[in-house]
Amino acid sequence: MGGARVNSAGVRSVARIVARDDGRGGTALPVLESDGPLALRRTRGSGAEARVMLVGAMSGPLGGDHFTVRARAEEGARLSVGSAAATIALPGQTKGEARYDVRLDVADRAELHWLPEQLISAQGSDLYVTTRVELAATARLVLREEQVLGRTGEEPGRLTSRLTVRVTGQGVLDQELACGPGAPGGWDGPAVLGGHRAVGQLIVVRPEFAAEPVTARVLGDGASVVPLAGPAALVTAVAPDALRLRRLLDEALASLVQTETSAHAPNQASSAS
C-alpha cells in the first residue's frame, strides 16, 4: 500500500489496478495498489472474471483532496470493479475544489465492468469528477455513473462531472454535466434534471454495435438509450432518488444485453427447415 500525501491543500491519493489473462482461463491481478483512502480488495470472481472492490478507508473526498484511480485490463483479461459503499463529497477545512479522477484502459479482447456505488454531493461540497476511458478495437465495456444531489432533506453541493470515451483513439463520447450552486443556469430545469435529484448514465461498448447499432428509444419513465458514433450505446436516466435510478439503469442494461443476444441468436425457423 502506498502512502497518501497530505498537505495544506488536502490529500493526494492514487490507486492502481492491472488485470492480466493468466493463461489458464482466468484473470490475474499483478498490480493492486491501494493508497490512503483508496483501499482495494480482491473479492470472489466468477469464471474468467477477476473482481475488485474499492473500500473507502476514510471520509471524502473533502475540499482540496485529489483522488485518482487507474485501472487497466490487458489483452484477454476480464475485470469487474465495484465499491463497497457510496462515495460522499463533503466540505472540508481546506477551501477549494476536490477532484476525483478515474482513468480506464481496456485492451483488445479484454472486458471491463466499472460499477461503483452512487456519488453523493453533500451540501457545501465542491467536487470535479473526470472519467476517461481508452478502448482497443475489440475491447468491451460496461460503465455506470450515478450521482445523487444532496443527502436526505439537504441541498446539494456543487458537482461537475466529465466523461470521455475513446475507441482506437477516436472520440465516442465527451460530455460534461454541472449541478448545484454556481453551476450554469438551467441545470435543474426541464431540459436537464427536471427537478430530479438523481442522475445517471450507462455506457456499453461492444464491437458488435459497430455493425448493428442500438436503436434509439425511451426506456420507461426517465430513461433513454441512444447509439453513439462508434461501437457503443449511451443510457441516460433521471429519477427522484438513488433506488429508482439504479432500477432504471439495471433495466436498461438488461435490455441491451437481451438485444445483443437476440441479434446474434440463430433463426429457429431457418434451422428447423
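Counting begins at 1 with the first residue of the sequence.
Atom CE of Met53 sits about 7.5 Å away from atom OG of Ser83, to the nearest 0.5 Å. Within the model, atoms CG of Leu112 and CG of Asp105 stand 9.5 Å from one another, a figure rounded to the nearest 0.5 Å. Distance check: Leu90 CG to Ile120 CD1 gives 9.5 Å after rounding to the nearest 0.5 Å. Rounding to the nearest 0.5 angstrom, the gap separating the CG atom in Asp126 from the CG atom in Leu159 is 9.0 Å. Summarising the geometry, atom OG belonging to Ser80 is positioned 4.5 Å from atom CD belonging to Glu49; distances are rounded to the nearest 0.5 Å. The CD atom of Glu111 sits 8.5 Å away from atom CG of Leu141, with the distance rounded to the nearest 0.5 Å.
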Intermediate values then yes/no, side-chain contact (heavy atoms from CB on, under 4.5 Å), Val55 and Leu40: CA-CA 6 Å; Val55 181; Leu40 301 171; over 6 Å; no
Worked verdict on Arg103 versus Arg72 for side-chain contact (heavy atoms from CB on, under 4.5 Å): CA-CA 8 Å; Arg103 302 292 180 261; Arg72 172 171 172 78; over 6 Å; no
side-chain contact (heavy atoms from CB on, under 4.5 Å) assessment of Leu54 paired with Leu38: CA-CA 7 Å; Leu54 180 60; Leu38 300 174; 4.3 Å; yes
Candidate pair Glu208 and Arg140, rule salt bridge (charged side-chain N to carboxylate O under 4.0 Å, His left out), full reasoning: CA-CA 10 Å; Glu208 297 84 0; Arg140 303 166 78 86; 3.1 Å; yes
Worked check of side-chain contact (heavy atoms from CB on, under 4.5 Å) between Val204 and Phe209: CA-CA 9 Å; Val204 180; Phe209 289 169; 3.9 Å; yes
Side chain to side chain donor-acceptor pair (under 3.5 Å) between Ser121 and Arg151, worked out: CA-CA 7 Å; Ser121 174; Arg151 293 170 292 190; over 6 Å; no
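Thr131 and Glu145 share a donor-acceptor pair across their side chains, judged by distance under 3.5 Å alone. Arg12 and Thr68 share no donor-acceptor pair across their side chains, judged by distance under 3.5 Å alone.
Listed by chain and residue number, nothing satisfies the salt bridge (charged side-chain N to carboxylate O under 4.0 Å, His left out) test with Glu155 (two or more places apart in sequence, or in another chain). Residues satisfying the salt bridge (charged side-chain N to carboxylate O under 4.0 Å, His left out) test with Glu176, not counting sequence neighbours, are none. Listed by chain and number, the residues in a side-chain hydrogen bond (donor to acceptor under 3.5 Å, both in side chains) with Thr160 amount to none (sequence neighbours excluded). Listed by chain and number, the residues in a salt bridge (charged side-chain N to carboxylate O under 4.0 Å, His left out) with Arg99 are Asp101 (sequence neighbours excluded).
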Donor-acceptor contacts, no H, no angles, side chain residues 162-173, under 3.5 Å, sequence neighbours left out:
{"from": "Arg162", "atom 1": "NE", "to": "Asp174", "atom 2": "OD1", "distance (Å)": "2.9"}
{"from": "Arg162", "atom 1": "NH2", "to": "Asp174", "atom 2": "OD1", "distance (Å)": "3.2"}
{"from": "Arg162", "atom 1": "NH2", "to": "Asp174", "atom 2": "OD2", "distance (Å)": "2.8"}
{"from": "Thr164", "atom 1": "OG1", "to": "Asp174", "atom 2": "OD1", "distance (Å)": "3.4"}
{"from": "Arg166", "atom 1": "NE", "to": "Glu134", "atom 2": "OE1", "distance (Å)": "3.4"}
{"from": "Arg166", "atom 1": "NE", "to": "Glu134", "atom 2": "OE2", "distance (Å)": "2.8"}
{"from": "Arg166", "atom 1": "NH2", "to": "Glu134", "atom 2": "OE2", "distance (Å)": "2.8"}

Please report, to 0.1 Å, the donor-acceptor pairs under 3.5 Å made by any side chain of residues 235-248, with sequence neighbours excluded.
{"from": "Asp241", "atom 1": "OD1", "to": "Leu243", "atom 2": "N", "distance (Å)": "3.2"}
{"from": "Asp241", "atom 1": "OD1", "to": "Arg244", "atom 2": "N", "distance (Å)": "2.8"}
{"from": "Arg246", "atom 1": "NE", "to": "Glu146", "atom 2": "OE1", "distance (Å)": "3.3"}
{"from": "Arg246", "atom 1": "NE", "to": "Glu146", "atom 2": "OE2", "distance (Å)": "2.8"}
{"from": "Arg246", "atom 1": "NH2", "to": "Glu117", "atom 2": "OE1", "distance (Å)": "3.2"}
{"from": "Arg246", "atom 1": "NH2", "to": "Glu146", "atom 2": "OE1", "distance (Å)": "2.7"}

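Residues Leu249 and Arg144 have side chains in contact (heavy-atom distance under 4.5 Å, counting atoms from C-beta outward). Contact of the Leu234 side chain with the Leu202 side chain is not registered, since no non-hydrogen atoms from C-beta on lie closer than 4.5 Å. Side-chain atoms of Arg217 and Ser224, non-hydrogen and from C-beta on, never get closer than 4.5 Å to each other.
Between Ser13 and Pro37, the shortest heavy-atom contact is OG-CD, 3.6 Å. Among all heavy-atom pairs drawn from Ala73 and Ala110, the shortest one is O-CB, 3.6 Å. Of all heavy-atom pairs spanning Ala122 and Ser125, the tightest one is O-OG, 2.6 Å. For Ala71 against Trp114, the heavy-atom pair with the smallest separation is CB-CZ3, 4.3 Å. Across every non-hydrogen atom of Ala252 and Ser255, the tightest pair is O-OG, 2.7 Å. Among all heavy-atom pairs drawn from Gly157 and Pro181, the shortest one is O-CD, 3.5 Å.
Criterion: ILVMFWY side-chain heavy atoms under 4.5 Å apart, direct or through other members. Under it, Val133 and Ile203 are part of a common hydrophobic cluster. With hydrophobic clusters built from ILVMFWY side chains whose heavy atoms lie under 4.5 angstrom apart, Ile17 shares a cluster with Tyr100. Hydrophobic clustering, with ILVMFWY side chains joined whenever heavy atoms are under 4.5 angstrom apart, keeps Val18 apart from Leu79. Val106 and Val31 sit in two unconnected hydrophobic clusters of ILVMFWY residues. Membership requires side-chain heavy atoms under 4.5 Å apart, directly or through other members. Both Leu104 and Leu32 are assigned to one and the same hydrophobic cluster, defined by single-linkage of ILVMFWY side chains at heavy-atom distances under 4.5 Å.
Using a distance-only test at 3.5 Å, with no hydrogens or angles considered, a donor-acceptor pair links the side chain of Thr138 to the main chain of Arg109. With hydrogens and angles ignored, the 3.5 Å screen pairs no side-chain donor or acceptor of Asp35 with any backbone N or O of Ala15. Formation of a donor-acceptor pair under 3.5 Å by the Thr27 side chain with backbone atoms of Arg78 is found in this model. Asp65 places a side-chain N or O within 3.5 Å of a backbone atom of Val11 that can act as its donor or acceptor partner. Between the side chain of Glu154 and the main chain of Gln123, a donor-acceptor pair closer than 3.5 Å is present.
Partner Leu119 forms a side-chain contact (heavy atoms from CB on, under 4.5 Å) with one of Val148, Ile88, Leu127 and no other, that one being Leu127.
Within a 6.0 Å radius of CZ in Arg70, other residues, nucleotides and ligands contribute 12 heavy atoms or fewer.
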